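Below is one structure, written out as C-alpha coordinates; the observations come after it.
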Amino acid sequence: MKILVTGGTGYIGSHTTLALLEAGYEVVVLDNLCNSSEAALHAVEAICAKSALLIRGDVCDRALLDRIFQEHAIDAVLHFAGLKAVGESVRKPLEYYQANVCGSITLCQAMAAAGVFRLVFSSSATVYGAPEHMPIREDFPTGTPTNPYGQSKLIIENVLHDLCAAQPRWSVALLRYFNPVGAHASGLMGEDPRGIPNNLVPYISQVAVGSLNELSIFGDDYPTVDGTGVRDYIHVVDLADGHLKALQTISGGSGINVWNLGTGDGYSVRQVVHAFEQASGRPVPYRVEPRRAGDIAECWADPSKAEQELGWTATRNLQEMMADTWRWQSSHPKGYLE
Ligand code: NAD
Ligand code: UDP
(Lines give C-alpha, C1' and ligand atoms only; values in the text may rest on other atoms or scores of the structure.)
(Ligands and ions follow the chains in the order given, each with its own letter.)
Protein backbone atom coordinates (compact mmCIF):
# COMPACT_ATOMS: atom_id res chain seq x y z
CA MET A 1 0.00 0.00 0.00
CA LYS A 2 1.14 3.53 -0.76
CA ILE A 3 0.54 6.23 1.83
CA LEU A 4 0.74 9.99 1.44
CA VAL A 5 2.16 11.51 4.62
CA THR A 6 1.72 15.28 4.76
CA GLY A 7 4.14 16.89 7.20
CA GLY A 8 6.25 13.74 7.01
CA THR A 9 9.57 15.46 7.72
CA GLY A 10 8.22 16.89 10.99
CA TYR A 11 8.62 15.45 14.46
CA ILE A 12 5.68 13.04 14.57
CA GLY A 13 5.40 12.60 10.80
CA SER A 14 9.02 11.43 10.46
CA HIS A 15 8.67 8.86 13.24
CA THR A 16 5.45 7.64 11.63
CA THR A 17 7.08 7.51 8.19
CA LEU A 18 9.74 5.25 9.70
CA ALA A 19 7.09 3.00 11.24
CA LEU A 20 5.23 2.80 7.92
CA LEU A 21 8.37 1.88 5.96
CA GLU A 22 9.31 -0.72 8.57
CA ALA A 23 5.83 -2.21 8.24
CA GLY A 24 6.24 -2.53 4.46
CA TYR A 25 4.22 0.48 3.24
CA GLU A 26 5.46 2.74 0.46
CA VAL A 27 5.52 6.37 1.55
CA VAL A 28 5.23 9.67 -0.31
CA VAL A 29 5.93 12.67 1.91
CA LEU A 30 4.55 16.13 1.14
CA ASP A 31 6.16 18.86 3.24
CA ASN A 32 7.04 22.50 2.66
CA LEU A 33 9.87 22.22 5.24
CA CYS A 34 8.65 25.36 7.03
CA ASN A 35 9.32 23.71 10.41
CA SER A 36 11.50 20.74 9.58
CA SER A 37 14.47 19.47 7.70
CA GLU A 38 14.94 16.95 4.91
CA ALA A 39 17.61 15.44 7.18
CA ALA A 40 14.83 13.74 9.15
CA LEU A 41 14.20 11.50 6.14
CA HIS A 42 17.92 10.77 5.79
CA ALA A 43 17.80 9.53 9.39
CA VAL A 44 14.77 7.41 8.58
CA GLU A 45 16.69 5.84 5.70
CA ALA A 46 19.76 5.25 7.89
CA ILE A 47 17.61 3.38 10.40
CA CYS A 48 15.51 1.18 8.14
CA ALA A 49 17.44 1.13 4.84
CA LYS A 50 14.28 2.16 2.99
CA SER A 51 13.34 5.59 1.78
CA ALA A 52 10.28 7.74 1.39
CA LEU A 53 9.83 9.98 -1.62
CA LEU A 54 9.90 13.64 -0.54
CA ILE A 55 7.86 16.16 -2.48
CA ARG A 56 8.49 19.72 -1.32
CA GLY A 57 5.35 21.76 -1.46
CA ASP A 58 2.37 23.16 0.32
CA VAL A 59 -0.69 21.22 1.37
CA CYS A 60 -2.75 24.23 0.25
CA ASP A 61 -1.50 23.80 -3.33
CA ARG A 62 -4.39 22.02 -5.06
CA ALA A 63 -2.61 21.63 -8.41
CA LEU A 64 0.35 19.97 -6.70
CA LEU A 65 -1.95 17.64 -4.75
CA ASP A 66 -3.75 16.67 -7.95
CA ARG A 67 -0.41 15.86 -9.57
CA ILE A 68 0.66 13.73 -6.61
CA PHE A 69 -2.57 11.72 -6.71
CA GLN A 70 -2.26 11.31 -10.50
CA GLU A 71 1.34 10.12 -10.34
CA HIS A 72 0.99 7.84 -7.31
CA ALA A 73 -1.64 5.24 -6.51
CA ILE A 74 -2.23 6.55 -3.00
CA ASP A 75 -4.39 4.31 -0.78
CA ALA A 76 -4.65 6.54 2.26
CA VAL A 77 -3.41 9.83 3.69
CA LEU A 78 -1.88 10.56 7.09
CA HIS A 79 -2.26 14.30 7.54
CA PHE A 80 0.29 15.87 9.91
CA ALA A 81 1.07 19.06 7.99
CA GLY A 82 0.16 22.20 9.84
CA LEU A 83 1.37 24.91 12.17
CA LYS A 84 1.39 24.10 15.87
CA ALA A 85 2.78 26.92 18.03
CA VAL A 86 -0.01 28.11 20.31
CA GLY A 87 1.47 31.55 21.08
CA GLU A 88 2.31 32.24 17.45
CA SER A 89 -1.23 31.29 16.46
CA VAL A 90 -2.55 34.14 18.63
CA ARG A 91 -0.29 36.60 16.80
CA LYS A 92 -0.83 35.16 13.31
CA PRO A 93 -4.36 33.71 13.21
CA LEU A 94 -4.76 33.97 9.44
CA GLU A 95 -1.60 31.94 8.82
CA TYR A 96 -2.85 29.27 11.19
CA TYR A 97 -6.34 29.03 9.74
CA GLN A 98 -4.88 29.07 6.23
CA ALA A 99 -2.35 26.28 6.81
CA ASN A 100 -4.46 24.14 9.12
CA VAL A 101 -8.07 24.64 8.04
CA CYS A 102 -7.67 25.59 4.36
CA GLY A 103 -4.88 23.03 4.00
CA SER A 104 -7.10 20.24 5.33
CA ILE A 105 -10.05 21.24 3.16
CA THR A 106 -7.88 21.47 0.03
CA LEU A 107 -6.41 18.07 0.84
CA CYS A 108 -9.87 16.49 1.24
CA GLN A 109 -11.04 18.04 -2.03
CA ALA A 110 -8.03 16.63 -3.87
CA MET A 111 -8.51 13.24 -2.21
CA ALA A 112 -12.17 13.09 -3.23
CA ALA A 113 -11.30 14.07 -6.80
CA ALA A 114 -8.75 11.24 -6.87
CA GLY A 115 -11.09 8.71 -5.26
CA VAL A 116 -9.04 8.41 -2.04
CA PHE A 117 -11.27 8.35 1.03
CA ARG A 118 -9.08 7.11 3.90
CA LEU A 119 -7.67 9.81 6.14
CA VAL A 120 -5.91 9.84 9.50
CA PHE A 121 -5.89 13.32 11.01
CA SER A 122 -3.58 14.70 13.73
CA SER A 123 -5.90 16.23 16.29
CA SER A 124 -5.13 17.16 19.85
CA ALA A 125 -6.38 16.84 23.40
CA THR A 126 -6.67 20.63 23.25
CA VAL A 127 -10.12 20.15 21.67
CA TYR A 128 -11.45 19.01 25.07
CA GLY A 129 -10.83 22.45 26.60
CA ALA A 130 -10.81 22.18 30.40
CA PRO A 131 -12.78 19.06 31.35
CA GLU A 132 -14.10 18.76 34.91
CA HIS A 133 -13.08 15.14 35.32
CA MET A 134 -10.05 13.02 34.53
CA PRO A 135 -9.25 10.80 32.73
CA ILE A 136 -10.61 12.23 29.50
CA ARG A 137 -12.79 9.94 27.36
CA GLU A 138 -13.56 10.50 23.70
CA ASP A 139 -17.26 11.04 24.49
CA PHE A 140 -16.48 14.05 26.67
CA PRO A 141 -17.81 17.22 25.03
CA THR A 142 -15.34 19.32 23.14
CA GLY A 143 -14.58 22.64 24.83
CA THR A 144 -13.84 26.11 23.59
CA PRO A 145 -10.18 26.33 22.62
CA THR A 146 -8.61 29.56 23.84
CA ASN A 147 -6.36 30.15 20.83
CA PRO A 148 -6.47 29.92 17.02
CA TYR A 149 -4.34 26.75 16.99
CA GLY A 150 -6.84 24.87 19.13
CA GLN A 151 -9.75 26.40 17.23
CA SER A 152 -8.25 25.21 13.96
CA LYS A 153 -8.08 21.61 15.23
CA LEU A 154 -11.70 21.73 16.39
CA ILE A 155 -12.86 23.29 13.12
CA ILE A 156 -11.12 20.57 11.09
CA GLU A 157 -12.66 17.87 13.30
CA ASN A 158 -16.10 19.39 12.67
CA VAL A 159 -15.48 19.64 8.92
CA LEU A 160 -14.49 15.95 8.86
CA HIS A 161 -17.57 14.96 10.88
CA ASP A 162 -19.82 16.80 8.40
CA LEU A 163 -17.97 15.28 5.45
CA CYS A 164 -18.37 11.73 6.75
CA ALA A 165 -22.05 12.35 7.54
CA ALA A 166 -22.66 13.59 4.00
CA GLN A 167 -20.52 11.05 2.16
CA PRO A 168 -20.32 7.59 3.71
CA ARG A 169 -17.45 6.54 1.44
CA TRP A 170 -15.05 8.39 3.69
CA SER A 171 -13.24 6.53 6.44
CA VAL A 172 -11.58 8.96 8.83
CA ALA A 173 -9.64 8.69 12.08
CA LEU A 174 -9.36 11.68 14.37
CA LEU A 175 -6.40 10.96 16.63
CA ARG A 176 -6.36 13.17 19.68
CA TYR A 177 -2.77 13.23 20.87
CA PHE A 178 -1.93 14.02 24.44
CA ASN A 179 1.68 15.26 24.94
CA PRO A 180 4.09 13.67 22.44
CA VAL A 181 7.69 13.52 23.69
CA GLY A 182 10.76 11.34 23.29
CA ALA A 183 12.71 10.27 20.25
CA HIS A 184 13.65 7.16 18.32
CA ALA A 185 15.84 4.88 20.48
CA SER A 186 18.68 5.04 17.92
CA GLY A 187 19.34 8.69 18.84
CA LEU A 188 19.30 9.50 15.12
CA MET A 189 15.95 11.27 15.04
CA GLY A 190 13.99 13.41 17.44
CA GLU A 191 12.24 16.71 18.00
CA ASP A 192 14.05 19.68 16.47
CA PRO A 193 12.06 22.82 17.29
CA ARG A 194 13.05 26.07 15.58
CA GLY A 195 14.00 28.83 17.99
CA ILE A 196 13.21 28.65 21.70
CA PRO A 197 10.97 25.67 22.43
CA ASN A 198 7.42 26.26 23.67
CA ASN A 199 6.93 22.79 25.08
CA LEU A 200 8.21 21.46 28.36
CA VAL A 201 10.38 18.50 27.37
CA PRO A 202 12.31 20.15 24.52
CA TYR A 203 12.87 23.13 26.82
CA ILE A 204 14.19 20.93 29.64
CA SER A 205 16.49 19.05 27.29
CA GLN A 206 17.95 22.29 25.92
CA VAL A 207 18.61 23.45 29.50
CA ALA A 208 20.33 20.15 30.27
CA VAL A 209 22.52 20.36 27.16
CA GLY A 210 23.49 23.94 28.01
CA SER A 211 21.71 25.80 25.19
CA LEU A 212 19.31 27.49 27.64
CA ASN A 213 20.03 28.69 31.17
CA GLU A 214 17.08 27.58 33.22
CA LEU A 215 13.55 26.30 32.96
CA SER A 216 10.60 28.48 33.93
CA ILE A 217 7.96 26.38 35.68
CA PHE A 218 4.65 28.02 34.87
CA GLY A 219 2.82 27.92 38.18
CA ASP A 220 3.18 25.78 41.31
CA ASP A 221 -0.20 26.61 42.84
CA TYR A 222 -2.41 24.26 40.83
CA PRO A 223 -4.53 21.72 42.75
CA THR A 224 -2.21 18.86 41.71
CA VAL A 225 0.17 16.46 43.41
CA ASP A 226 2.91 19.11 43.84
CA GLY A 227 1.21 22.25 42.55
CA THR A 228 2.65 22.06 39.02
CA GLY A 229 0.68 21.19 35.90
CA VAL A 230 -0.01 17.53 35.12
CA ARG A 231 0.00 16.09 31.59
CA ASP A 232 -0.12 12.71 29.85
CA TYR A 233 3.25 12.40 28.10
CA ILE A 234 3.37 9.81 25.33
CA HIS A 235 6.45 8.46 23.56
CA VAL A 236 6.50 9.50 19.90
CA VAL A 237 7.31 5.93 18.80
CA ASP A 238 4.18 4.66 20.60
CA LEU A 239 2.27 7.47 18.92
CA ALA A 240 3.61 6.45 15.50
CA ASP A 241 2.52 2.89 16.20
CA GLY A 242 -0.96 4.17 17.03
CA HIS A 243 -1.17 5.69 13.55
CA LEU A 244 -0.42 2.35 11.94
CA LYS A 245 -3.13 0.69 14.01
CA ALA A 246 -5.60 3.43 13.14
CA LEU A 247 -4.72 3.16 9.45
CA GLN A 248 -5.28 -0.60 9.50
CA THR A 249 -8.57 -0.21 11.37
CA ILE A 250 -10.09 2.47 9.12
CA SER A 251 -8.99 0.61 6.01
CA GLY A 252 -11.70 -1.94 6.62
CA GLY A 253 -14.51 0.45 7.54
CA SER A 254 -16.23 3.72 6.87
CA GLY A 255 -17.35 6.76 8.80
CA ILE A 256 -15.51 8.74 11.42
CA ASN A 257 -13.76 7.47 14.53
CA VAL A 258 -12.17 9.37 17.38
CA TRP A 259 -9.36 7.88 19.44
CA ASN A 260 -7.31 9.31 22.29
CA LEU A 261 -3.62 8.50 22.00
CA GLY A 262 -2.19 8.83 25.48
CA THR A 263 -0.82 6.56 28.19
CA GLY A 264 -3.47 7.15 30.84
CA ASP A 265 -0.82 8.37 33.31
CA GLY A 266 -0.36 11.98 34.36
CA TYR A 267 2.96 13.46 35.50
CA SER A 268 3.61 16.88 37.00
CA VAL A 269 6.20 19.31 35.67
CA ARG A 270 8.40 18.63 38.70
CA GLN A 271 8.11 14.86 38.18
CA VAL A 272 9.17 15.29 34.55
CA VAL A 273 12.13 17.46 35.57
CA HIS A 274 13.19 14.84 38.11
CA ALA A 275 12.86 11.99 35.59
CA PHE A 276 14.91 13.97 33.06
CA GLU A 277 17.64 14.68 35.60
CA GLN A 278 17.84 10.98 36.40
CA ALA A 279 17.96 9.97 32.72
CA SER A 280 20.56 12.56 31.75
CA GLY A 281 22.64 12.77 34.91
CA ARG A 282 22.51 16.55 34.46
CA PRO A 283 20.87 19.14 36.71
CA VAL A 284 17.93 21.11 35.30
CA PRO A 285 17.89 24.45 37.14
CA TYR A 286 14.46 26.03 37.29
CA ARG A 287 12.62 29.01 38.61
CA VAL A 288 8.89 29.12 39.40
CA GLU A 289 7.02 31.75 37.41
CA PRO A 290 3.33 32.71 37.28
CA ARG A 291 0.89 30.42 35.48
CA ARG A 292 0.94 30.56 31.67
CA ALA A 293 -2.25 32.02 30.18
CA GLY A 294 -4.61 29.37 28.82
CA ASP A 295 -3.02 26.43 30.70
CA ILE A 296 -5.19 23.94 32.55
CA ALA A 297 -4.18 22.24 35.81
CA GLU A 298 -4.25 18.68 34.58
CA CYS A 299 -4.98 16.61 31.53
CA TRP A 300 -4.67 12.89 30.98
CA ALA A 301 -6.33 10.36 28.74
CA ASP A 302 -8.50 7.37 29.16
CA PRO A 303 -6.84 5.34 26.37
CA SER A 304 -9.12 2.29 26.71
CA LYS A 305 -11.12 2.97 23.52
CA ALA A 306 -7.93 2.82 21.44
CA GLU A 307 -6.90 -0.31 23.30
CA GLN A 308 -10.20 -2.06 22.60
CA GLU A 309 -10.79 -0.87 19.04
CA LEU A 310 -7.25 -0.51 17.67
CA GLY A 311 -5.49 -3.13 19.77
CA TRP A 312 -3.03 -0.35 20.64
CA THR A 313 -1.53 0.65 23.91
CA ALA A 314 1.46 2.81 24.79
CA THR A 315 4.30 0.66 26.12
CA ARG A 316 7.12 3.14 26.88
CA ASN A 317 7.27 4.73 30.34
CA LEU A 318 8.43 8.17 31.43
CA GLN A 319 12.01 6.99 32.07
CA GLU A 320 12.28 5.71 28.48
CA MET A 321 10.78 8.92 27.13
CA MET A 322 13.38 10.98 28.98
CA ALA A 323 16.30 8.64 28.19
CA ASP A 324 15.44 8.65 24.47
CA THR A 325 15.02 12.44 24.45
CA TRP A 326 18.43 12.81 26.07
CA ARG A 327 20.13 10.37 23.67
CA TRP A 328 18.89 12.47 20.74
CA GLN A 329 19.53 15.86 22.34
CA SER A 330 23.01 15.07 23.68
CA SER A 331 24.19 13.67 20.34
CA HIS A 332 22.50 16.48 18.34
CA PRO A 333 22.71 19.64 20.50
CA LYS A 334 21.72 21.71 17.48
CA GLY A 335 19.20 19.24 16.11
CA TYR A 336 19.57 18.02 12.54
CA LEU A 337 22.17 20.71 11.83
CA GLU A 338 24.73 18.52 13.57
P1 NAD B 1 6.03 19.59 13.17
O2 NAD B 1 6.00 21.06 13.03
O3 NAD B 1 7.32 18.95 13.56
O4 NAD B 1 5.51 18.90 11.83
C5 NAD B 1 4.58 19.51 10.97
C6 NAD B 1 5.16 19.44 9.57
O7 NAD B 1 4.23 20.05 8.66
C8 NAD B 1 6.48 20.18 9.44
O9 NAD B 1 7.42 19.33 8.80
C10 NAD B 1 6.15 21.39 8.55
O11 NAD B 1 7.24 21.76 7.76
C12 NAD B 1 4.98 20.86 7.76
N13 NAD B 1 4.05 21.88 7.29
C14 NAD B 1 3.51 22.91 7.98
N15 NAD B 1 2.67 23.61 7.20
C16 NAD B 1 2.68 23.02 5.99
C17 NAD B 1 2.02 23.27 4.76
N18 NAD B 1 1.17 24.31 4.64
N19 NAD B 1 2.25 22.46 3.72
C20 NAD B 1 3.11 21.42 3.83
N21 NAD B 1 3.77 21.13 4.97
C22 NAD B 1 3.55 21.92 6.03
O23 NAD B 1 4.89 19.20 14.21
P24 NAD B 1 4.56 17.81 14.90
O25 NAD B 1 4.80 17.96 16.36
O26 NAD B 1 5.19 16.69 14.18
O27 NAD B 1 2.99 17.78 14.71
C28 NAD B 1 2.37 17.08 13.64
C29 NAD B 1 0.87 17.30 13.72
O30 NAD B 1 0.40 16.86 14.99
C31 NAD B 1 0.44 18.77 13.60
O32 NAD B 1 -0.75 18.83 12.86
C33 NAD B 1 0.19 19.17 15.03
O34 NAD B 1 -0.75 20.20 15.15
C35 NAD B 1 -0.35 17.87 15.62
N36 NAD B 1 -0.17 17.76 17.07
C37 NAD B 1 1.08 17.93 17.60
C38 NAD B 1 1.24 17.86 18.98
C39 NAD B 1 2.60 18.06 19.59
O40 NAD B 1 2.68 18.34 20.79
N41 NAD B 1 3.70 17.90 18.87
C42 NAD B 1 0.14 17.63 19.81
C43 NAD B 1 -1.12 17.46 19.23
C44 NAD B 1 -1.26 17.54 17.85
N1 UDP C 1 5.55 24.14 31.14
C2 UDP C 1 6.43 24.79 31.98
N3 UDP C 1 7.49 25.46 31.44
C4 UDP C 1 7.73 25.48 30.10
C5 UDP C 1 6.82 24.81 29.23
C6 UDP C 1 5.75 24.15 29.79
O7 UDP C 1 6.25 24.80 33.20
O8 UDP C 1 8.70 26.11 29.65
C9 UDP C 1 4.41 23.39 31.71
C10 UDP C 1 3.05 23.86 31.24
O11 UDP C 1 2.58 24.90 32.07
C12 UDP C 1 2.23 22.57 31.35
C13 UDP C 1 3.25 21.47 31.03
O14 UDP C 1 4.54 22.05 31.28
O15 UDP C 1 1.79 22.38 32.68
C16 UDP C 1 3.19 20.97 29.57
O17 UDP C 1 3.29 22.09 28.71
P18 UDP C 1 3.54 21.93 27.15
O19 UDP C 1 3.64 23.31 26.57
O20 UDP C 1 4.69 21.00 26.92
O21 UDP C 1 2.24 21.17 26.63
P22 UDP C 1 0.68 21.59 26.69
O23 UDP C 1 0.03 20.53 27.51
O24 UDP C 1 0.56 22.95 27.28
O25 UDP C 1 0.25 21.52 25.28
Side-chain angles (χ1 to χ4, degrees), residues 12 84-87 123-147 149-150 153 175-182 191 197-208 214-236 238-239 242 259-280 284-307 313-326:
I12 305 168
K84 64 165 185 177
V86 170
S123 190
S124 165
T126 192
V127 300
Y128 292 113
E132 283 176 22
H133 306 288
M134 295 293 144
I136 301 174
R137 288 197 320 265
E138 290 85 347
D139 59 3
F140 279 23
T142 50
T144 310
T146 52
N147 55 74
Y149 168 73
K153 291 290 170 193
L175 301 184
R176 292 178 178 162
Y177 310 159
F178 280 67
N179 288 58
V181 298
E191 190 166 10
N198 299 303
N199 296 113
L200 179 66
V201 173
Y203 203 105
I204 289 177
S205 60
Q206 291 201 12
V207 171
E214 66 178 1
L215 171 73
S216 296
I217 293 186
F218 298 138
D220 68 350
D221 56 352
Y222 286 108
T224 61
V225 58
D226 58 18
T228 64
V230 168
R231 297 291 183 273
D232 183 339
Y233 297 93
I234 175 169
H235 197 296
V236 67
D238 282 327
L239 193 62
W259 289 294
N260 284 340
L261 296 184
T263 64
D265 297 318
Y267 290 99
S268 74
V269 175
R270 279 204 175 94
Q271 288 170 333
V272 173
V273 169
H274 182 64
F276 196 91
E277 288 180 329
Q278 284 196 319
S280 66
V284 177
Y286 66 79
R287 172 202 333 222
V288 176
E289 302 268 0
R291 294 180 181 191
R292 183 170 67 177
D295 272 359
I296 57 176
E298 51 185 18
C299 173
W300 71 89
D302 178 341
S304 55
K305 184 168 183 273
E307 188 173 356
T313 184
T315 60
R316 292 164 180 82
N317 63 24
L318 189 65
Q319 275 309 322
E320 284 172 277
M321 298 181 213
M322 298 303 118
D324 289 341
T325 302
W326 181 241

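Note that this is a predicted model, so its numbers are computed, not measured.
- Minimum heavy-atom separation, Pro197 to Tyr203: O-CD1, 3.4 Å.
- Side-chain atoms of Asn198 never come within 3.5 Å of backbone atoms of Ala85 as a donor-acceptor pair (strictly under, hydrogens ignored).
- Considering CZ of Arg287 and CD1 of Ile217, their distance stands at 11.5 Å, rounded to 0.5 Å.
- A distance of 14.5 Å separates CD of Glu298 from OH of Tyr267, quoted to the nearest 0.5 Å.
- Taking CZ of Phe178 as the reference point, atom CH2 of Trp300 lies at 11.0 Å (rounded to 0.5 Å).
- Residues forming a side-chain hydrogen bond (donor to acceptor under 3.5 Å, both in side chains) with Tyr286 (at least two apart in sequence, or on another chain): Arg270.
- Contact between Gly264 and Asp232 at its shortest, heavy atoms only, is N-OD2, 3.0 Å.
- Take Glu277 and apply the side-chain hydrogen bond (donor to acceptor under 3.5 Å, both in side chains) test, not counting sequence neighbours, and it matches no residue.
- In this structure the side chain of Gln278 never reaches within 4.5 angstrom of the side chain of Met322, judged on heavy atoms.
- What you find for Leu261 and Ala306 is that their closest heavy atoms are CD2-CB, 4.3 Å.
- Annotation: side-chain hydrogen bond (donor to acceptor under 3.5 Å, both in side chains) contacts involving residues 215-225, sequence neighbours excluded, comprise Asp221-Arg291.
- The two residues Pro180 and Ile12 make their nearest non-hydrogen contact at CG-CD1, 3.9 Å.
- At least one donor-acceptor pair closer than 3.5 Å links the side chain of Glu320 to the backbone N or O of Asn317.
- Side-chain atoms of Leu215 and Leu200, non-hydrogen and from C-beta on, do get closer than 4.5 Å to each other.
- Listed by chain and residue number, nothing satisfies the ring-ring contact (aromatic ring centres under 6.0 Å, His included) test with Trp259 (two or more places apart in sequence, or in another chain).
- Put simply, the side chain of Asn147 gets close to the backbone of Gly150: a donor and an acceptor are under 3.5 Å apart.
- Between the Asn179 side chain and the Arg231 main chain, no donor and acceptor come within less than 3.5 Å of each other.
- Here the OG1-CG distance, from Thr263 to Leu239, works out to 11.5 Å after rounding to the nearest 0.5 Å.
- Annotation for Gly262 and Pro303: closest pair O-CB, 3.4 Å, computed over non-hydrogen atoms.
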Can you give each donor-acceptor pair under 3.5 Å made by side-chain atoms of residues 129-141, sequence neighbours left out, with the distance rounded to 0.1 Å?
{"from": "Arg137", "atom 1": "NE", "to": "Asp139", "atom 2": "OD1", "distance (Å)": "3.0"}
{"from": "Arg137", "atom 1": "NH2", "to": "Asp139", "atom 2": "OD1", "distance (Å)": "3.2"}
{"from": "Arg137", "atom 1": "NH2", "to": "Asp139", "atom 2": "OD2", "distance (Å)": "3.4"}
{"from": "Glu138", "atom 1": "OE2", "to": "Asn260", "atom 2": "N", "distance (Å)": "2.7"}

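- Within the 4.5 Å cutoff, no side-chain heavy atoms of Lys153 are placed close to those of Pro145.
- Residues Ser268 and Asp226 share a closest heavy-atom pair of OG-OD2, 2.7 Å.
- Gln206 CD to Glu191 CD: the interatomic distance, rounded to the nearest 0.5 Å, is 9.5 Å.
- Ile234 has its side chain out of reach of Tyr177: every pair of non-hydrogen atoms, C-beta onward, lies at least 4.5 Å apart.
- Applying the ring-ring contact (aromatic ring centres under 6.0 Å, His included) rule to Tyr128 yields no partners; only residues at least two apart in sequence or on another chain are considered.
- A distance of 6.5 Å separates OG1 of Thr325 from NE2 of His235, quoted to the nearest 0.5 Å.
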